[in-house]
Amino acid sequence: MDPDERSDFEDRAEHASAAARSEAANAIAKPETASSGWKGAASVLGVAAVAAAVVAKATSSNKHSVEEARTVDLGPDRSFHALTAGTGPDIVLVHGAFATHRDWLDGPFAALAELGRVTAIDRAGHGLSRRPRFEGGPRAQAAHMREGLTALGVVRPVFVAHSFGALSALSFAEQFSAEVAGLVLIAPLAFPEFRPLEHSFFAPRALPFVGPFWANIAPAFDRPMLEAHHRIMFSPDEPPDTWKANYPWDQILDPAAIIANAEDFSAVHPWRLDSYVDLDAVRTPVQVLTGTGDLIIEDLRQGLVVADRLPDAVLTRLEGVGHMLHHSRPDALVSAVRAVLERVRLE
C-alpha cells in the first residue's frame, strides 16, 4: 500500500465504521429466506514477502490499523497479494471482474474490520497476484487462493465474495469444505451462463497468439467502455467520486489483466462443464445478498437459485438495489457477515 492509499484508508476507516453502525440501525429491506431458517494446512515452501509490512496507527477505537500489505511468491509465474486489517476471526474479501482489492478499500473494508481480521485479496491474475496463462477456471483460482491464504496464515475464514468472485469462493468451499467457516455471496455469479458483452468482446482475448495482440492494442477502446459499464454496475446510483478517483486503471487495463479477465469470462461459458460447482458439497453457513435492480447479474437467475440449492443458505433480496450493493448497502453486508460469524461461534 502506497502512502496515499494508506492515508485514504485511515480517513475512510474513521468515517465508515460510524456510518455503518448508524445505517445498520435502519432496516430497509426484510430478508426472504430460501428456507425457514439456515438451509441448508500444509506449509507453503518458497514463500517470500515481496512487500514489507505497512503500519498505520489507529488513534481511536473505531479505527483499525492496516497490519500489512503483502505480495507472497508462490513459484514460477505465481504470486498472491493481499491487504489485512483488524483482529479476530478471519474474513476474506474476494473482488469481482475488472477489479482488485482496491474495490473493498473504497467500500465496507473498515466496517468489516470491526468484526474480525479482514484480508482483501487480489484474485489470481488481477492486481498484484500473478498466474500462468489458461488458469481462469474457478477451481484453479480457488487452489491459488488457498495457497496464498495459507502462506499468510489465514485460518478457516468467512469468505465475502462479490459477483465473479463468488464462483471462486464457492469452488473453494466445494473443494476444501473443512477450511471454510462460512460464505457471504454478494450479487453472485454462481453458475456458468452466456454473457453477451463478456463473451463476444472480451473473451476472445484469451485465445493463443491473437488474444495477447488484441489485449495490447485495445486499452484505448476499453476505457470508455468500462466507464459506461461502471455506470450500469452502480445503477440506479452513480459511482461514488472516491471510488472513481481511486479506480486502478493502470492495473485494470494492463494487457495481462485484460487477458486474465478474458480467461475468467471464457471459464463461465455454459459449455465449460468443469466450471460448474457441486453445491451439495458446500456444507457451510451461507448468506446470499442480491439487489432486485441489478443490471449486471440477474438475481432471480443466479442469487435466488444458488440460495435455494445450497443446503444451508439464507437469501436477502434488497428492493431496487443494483450490482454494487456492498457500496450502496454496506449495512446489509455487515449484518450478513455478523450473522455468519455468530452462527460459526455457536457451532
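The model shown is predicted, which means the values in this text are computed figures rather than measured ones.
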Classify the ring geometry of His230 against Trp249: parallel below 30°, tilted from 30° to 60°, perpendicular beyond 60°. tilted
Evaluate the ring planes of Phe176 and Phe172, with Trp represented by its six-membered ring, and classify them as parallel (under 30°), tilted (30 to 60°) or perpendicular (over 60°).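 Plane angle over 60°, so perpendicular.
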Strictly below 4.0 Å, N to O, side chains only: are [X] and [Y] in salt-bridge contact?
| X | Y | answer |
| --- | --- | --- |
| Arg78 | Glu135 | yes |
| Arg131 | Asp77 | no |
| Glu179 | Arg146 | yes |
| Arg231 | Glu227 | no |

Looking at Gly136, is its backbone amide N or carbonyl O close enough to the side chain of Gln141 to form a donor-acceptor pair, meaning the two atoms are under 3.5 Å apart? yes
I'd like to know if the side chain of Ser79 and the backbone of Leu128 have a donor-acceptor N/O pair within less than 3.5 Å.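 Looks like yes, one N/O pair under 3.5 Å.
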Smallest separation among heavy atoms of [X] and [Y], with atom names:
| X | Y | value |
| --- | --- | --- |
| Gly153 | Asp90 | O-OD2, 4.3 Å |
| Val92 | Pro157 | CG2-CB, 3.6 Å |
| Arg133 | Arg205 | NH2-O, 4.4 Å |
| Arg301 | Phe191 | O-CD1, 4.3 Å |
| Leu300 | Arg317 | CD2-NH2, 3.4 Å |

Checking side-chain contact (heavy atoms from CB on, under 4.5 Å) for the pair Glu198/Asn261: CA distance, chi angles, key distance, verdict? CA-CA 9 Å; Glu198 289 90 338; Asn261 274 294; over 6 Å; no
Please lay out, stage by stage, how Ser275 and Val268 fare under the test side-chain contact (heavy atoms from CB on, under 4.5 Å). CA-CA 6 Å; Ser275 293; Val268 300; 5.6 Å; no
Are [X] and [Y] close enough that some pair of their side-chain heavy atoms sits under 4.5 Å apart?
| X | Y | value |
| --- | --- | --- |
| Gln287 | Thr316 | yes |
| Phe80 | Glu147 | no |
| Tyr276 | Pro192 | yes |
| Phe164 | Phe98 | no |

Apply side-chain contact (heavy atoms from CB on, under 4.5 Å) to Val314 and Val286, showing your working. CA-CA 6 Å; Val314 169; Val286 182; over 6 Å; no
Between Arg195 and Phe265, is NZ or CZ placed under 6.0 angstrom from the six-membered ring centre and within 45° of the ring axis?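 That pair does not qualify as a cation-pi contact.
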Can you confirm whether Asp274 is buried at CG, in the sense that more than 12 heavy atoms of other residues, nucleotides or ligands lie under 6.0 Å from that atom?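 Yes, enclosed.
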Can you find a side-chain donor-acceptor pair between His327 and Asp237 that sits under 3.5 Å? no
Go through the side-chain N and O atoms of Asp122 and His95 and say whether any donor and acceptor fall under 3.5 Å apart. no
How long is the span from the [atom1] atom in [X] to the [atom2] atom in [Y], to the nearest 0.5 Å?
| X | Y | atom1 | atom2 | answer |
| --- | --- | --- | --- | --- |
| Thr292 | Leu304 | OG1 | CG | 12.0 Å |
| Ile186 | Thr290 | CD1 | OG1 | 11.5 Å |
| His162 | Leu289 | NE2 | CG | 10.5 Å |
| His126 | Ile121 | NE2 | CD1 | 10.0 Å |

